[in-house]
Amino acid sequence: MRMVRRESDIDYKDDVKSCIFLLHRLDNYLHTQGRTWFDRNMIQLKESDVEGLIGSAGGKSSNLQKSWIRVYRVWMSLGT
């Protein structure tokens with residue numbers, strides 16, 4: 001989605017037009033990729049993969065992500 005937005009020639013000063021464009025692109029993406037994402041991240045998700053899904057892919061975690069992981073670990077009685 002980011003690449004589509006960056007490569008588009010949409011004038012983002014026009015909020016309505018740019019929002020409609022992004023919603024249209026999101027709708028197309030969901031039709032083509034949504035089921036795959038849902039299956040991978042919801043249906044086939046293993047407990048051991050949850051923390052990786054919460055964290056960032058690049059290895060750096062924000063304070064917000066770290067707090068989500070702490071809450072998840074406490075909720076699952078895994079400690080902090």
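Everything quoted here is computed from the prediction, not taken from an experiment.
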Exercise. More than 12 non-hydrogen atoms from neighbouring residues, nucleotides or ligands closer than 6.0 Å to CZ on R35, yes or no?
Worked result: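 Check fails, neighbour count at 12 or below.
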
[atom1]/[X] to [atom2]/[Y] distance, rounded to the nearest 0.5 angstrom?
{"X": "T32", "Y": "D27", "atom1": "OG1", "atom2": "CG", "value": "9.5 Å"}
{"X": "D49", "Y": "Q44", "atom1": "CG", "atom2": "CD", "value": "10.5 Å"}
{"X": "H31", "Y": "L26", "atom1": "NE2", "atom2": "CG", "value": "9.5 Å"}
{"X": "L22", "Y": "K17", "atom1": "CG", "atom2": "NZ", "value": "12.5 Å"}

Problem set entry | Path from Y29 to I20 over hydrophobic side-chain contacts below 4.5 Å |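 Different clusters.
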
